Amino acid sequence: MKIYIPRDAAAKALGAERIVKAVEAEIKERGIDAQIIRNGSRGMIWLEPLVEVETAEGRVGYGPVTVADVKAIFEGDSDKALGDVEQIPFFAAQTRLTFARVGKIDPLSLSDYEAHGGLVGLRRAIAMSAEAMVDEVKTSGLRGRGGAGFPTGIKWDTVRMAQGEKKYIVCNADEGDSGTFADRMVMEGDPFTLIEGMIIAGLATHATKGFVYIRSEYPDAIEQMEAACAIARDAGVLGHVLNSGHQFDIEIRVGAGAYVCGEETSLLNSLEGKRGTVRAKPPLPALQGFMGRPTVVNNVISLATVPVIFEKGAQHYADFGLGRSKGTMPIQIAGNVKFGGLFETAFGMPLGDLVNKIGGGTASGRPVKAVQVGGPLGAYMPVSKFDTPFGYEDFDQKGGLIGHAGIVVFDDTADMLGMARFAMEFCAVESCGKCTPCRIGAVRGVETIDRIAAGDNAAVEILTDLCETMKDGSLCALGGFTPFPVMSALQNFPEEFSTAKEAAE
Amino acid sequence: MTQAQPTPEAIVETIARHLHLEGPLLPILHDLQHEFGFIPETAVPLIAAELNIGRAEVHGVVSFYHDFRDAPAGKHVVKICRAEACQSVGANALSDHALAKLGGDWHMTTPNGNITIEPVYCLGLCACGPAVLVDDQLEGRVDAARMDEILAECGA
Ligand SMILES: Cc1cc2nc3c(=O)[nH]c(=O)nc-3n(C[C@H](O)[C@H](O)[C@H](O)COP(=O)(O)O)c2cc1C
Ligand code: SF4
Ligand code: FES
Ligand code: FES
């Protein structure tokens, strides 16, 4: 008998370790032959810790499980029974390509991985030329999932054709955006997918060394990736790449609490052991990246999606989606939401459906006021924009961005002036300090919003001008995009920026 | 985390473990902090010498990153997520509550040296906030009552 208890950080934060102890005690007391598997999360965070028991009829889920529920689960009369978790509407409505194995398999079992389609893509890639591999990625339409949405195949082609003694694949696992956790869930729930994707990237560009730069706030992901790399190395997946005549290995590196190090050039400086300041482009990292050598920098989800593209074929992937947003996106539904978690679906679903139909509206039961999409640099989208289809161009047209696809839901108690102030404060705290509009502007922004809060309406115009200056004069998107949350809050909720005036009237 | 004043030998030994890496400085700093609980001032010239870079450069790197401390923290470090998703479910009130309870502001250490309290910007628990990290233990859906328990367990 197998009992699945996630070791995903969210499941642990909600008590999974206590459940493991209780289940172990129960197994011992009953003297039964049962094995606990620490799987990834199925992504239905409101049901965590979600325990699954393998039975003759398939896996039966229970959740959210407390220690008090454990006995009844063994008795078979628990009121937390969920049946087949894949039939739960939130799960059944998904198209899981990147996340196909997450929650299902033992993340550290290479044989489990292979039994569920793992390494099929790599074996196919090994038989291809580097150019054909890059073409495959181009055909899939895959665009960078870290935020900017740059076509992955084109980036790889630049590195493939670059001259260099040594080339690198750098995986950006800095995932600092509030409302996002897809990278974390893949690394914890299916780390071999990321490893396989990085190896294919290496073969396609003639790179032999990979780094995964993981934020220090993710200790579980760091541990899981270290363990998975060791297993892959022992099995000859890393190193000699299945005796293909190629070489590729991966090293795990840990960030140090700087949000800006998610920006690719800042990340490269950090990897090199420097301050995480942003580099001017050109030169492109593709040509002069880590140690000045040709380097692919890709987000975790971009790389973790490569294996399924090679397994199922580029066209299969490209057939999902909408316009130039091809394939699927692991969307993270977070904040004040009833059914929060990871929802992978083809591009194109309207924002309102994600929030209300899939997410079930707010957790507080109050009306939704706005959602912030794309992390701290993303716009606040009011309910009036809920018909926007989830896609890169579609959001762009509505003055927003999808970024790393986190949706943070706020109810009607949200203080939008406070959120605008926070955006400026965050920019000030995390600025790398290179450009004045970002470093000084953000501090000025906080002061200006405080003046507005104190009733100085003339400050609204100053704030608007300041945002223009930050947009135009910043080297990277930290300073350049902080105006998105600030201005969207101001424009969509102007009454909240004139409270003091109203009070005086 | 031991908090005795580290000897130069111990520091050099820690540095040496990472010299084979490409770009070893961050791994060195993480390891020093892991060993000693902070980055000792005396480590800066030793690192500079081993890596053949300037002291100012080492110092610049140490000061850039929020993670690195120049003095030991309290016995327990409590980090409360201040980012947007946690704010949407009451993180601001939770932070205010905790700070009022400890009678200070972010980055303070309680007079008894038991707790250092710090802000953190997202722990990847955005669908089960407010999120808190107590030493290396994550907790989701923390409310004021649970915060009181946490602070009491840490010896506030
Ligand atoms: C301030 C800032 C923070 C960023 N943080 C991340 C991050 O945490 N993860 C990420 O993959 N990309 C992040 N990016 C985007 C990267 O610069 C880069 O576009 C990305 O890693 C490229 O990979 P992709 O093409 O696969 O998306 C950030 C950008 C900026 C300006
Ligand atoms: S915009 Fe801000 S974070 Fe970006 S390079 Fe300029 S100072 Fe650094
Ligand atoms: S990254 Fe923290 S001050 Fe720049
Ligand atoms: S915003 Fe608090 S954990 Fe992500």
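Predicted model, so just to flag it, every value in this text is computed and none were measured. Here is the naming used below: chain letters follow the sequence lines, and residue numbers restart at 1 for every chain.
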Contacting moiety of [X], where chain B heavy atoms sit under 4.5 Å:
X: A/I333; result: backbone
X: A/F211; result: side chain
X: A/E251; result: side chain
X: A/D415; result: neither
X: A/A414; result: neither
X: A/V254; result: both
X: A/M185; result: neither
X: A/S270; result: both

Test: [X] and [Y] ion pair at under 4.0 Å:
X: A/R184; Y: A/E217; result: no
X: B/E153; Y: B/R146; result: yes
X: A/R275; Y: B/E57; result: no
X: B/E22; Y: A/R293; result: yes
X: A/D249; Y: A/K209; result: no
X: A/E425; Y: B/R82; result: yes

Option in [options] with maximal non-hydrogen atom pairs under 4.5 Å from chain B:
options: A/G340, A/C261, A/A256; value: A/A256
options: A/A182, A/G255, A/P219; value: A/G255
options: A/P485, A/G15, A/A334, A/G176; value: A/A334
options: A/G273, A/G179, A/G276; value: A/G276
options: A/R215, A/E272, A/E175; value: A/R215

Among [options], which residue has the highest count of heavy-atom pairs closer than 4.5 Å to chain A?
options: B/C128, B/G129, B/G90, B/P24; value: B/C128
options: B/C81, B/G124, B/G60, B/A83; value: B/G124
options: B/A131, B/C126, B/C86; value: B/C126

Problem set entry | Close contacts, residues 363-376 of chain A versus chain B, judged by heavy atoms under 4.5 Å |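 Interface residues of residues 363-376 of chain A: A/Q372, A/P376.
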Keeping [X] on the side-chain end and [Y] on the backbone end, is there a donor-acceptor pair under 3.5 Å?
X: A/E430; Y: A/Y259; result: yes
X: B/T14; Y: B/V12; result: no
X: A/E188; Y: A/D8; result: no
X: A/T180; Y: A/D177; result: yes
X: A/Q332; Y: A/A405; result: yes
X: B/S95; Y: B/A91; result: yes
X: A/S488; Y: A/Y380; result: yes
X: A/T295; Y: A/F290; result: yes
X: A/Q224; Y: A/M187; result: no

Tabulate, in ascending numerical order, the residues of residues 104-122 of chain B having at least one heavy atom closer than 4.5 Å to a heavy atom of chain A, or enter 'none'.
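From residues 104-122 of chain B, the residues near chain A are B/V120, B/Y121, B/C122.
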CG on B/L51 to CG on B/L19, rounded to 0.5 Å
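If we round to the nearest 0.5 Å, B/L19:CG and B/L51:CG are 6.5 Å apart.
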So, do B/P27 and B/H18 sit near enough that their side-chain heavy atoms are less than 4.5 Å apart?
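B/P27 vs B/H18: side chains touch.
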Exercise for the section: Could you walk me through whether B/H30 and B/F68 pass the side-chain contact (heavy atoms from CB on, under 4.5 Å) test, one step at a time? Expected result: CA-CA 8 Å; B/H30 274 302; B/F68 300 131; 3.9 Å; yes
**Asked** Contact part of B/L123 toward chain A, heavy-atom cut-off under 4.5 Å: side chain, backbone, both or neither?
**Response**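 Both backbone and side chain.
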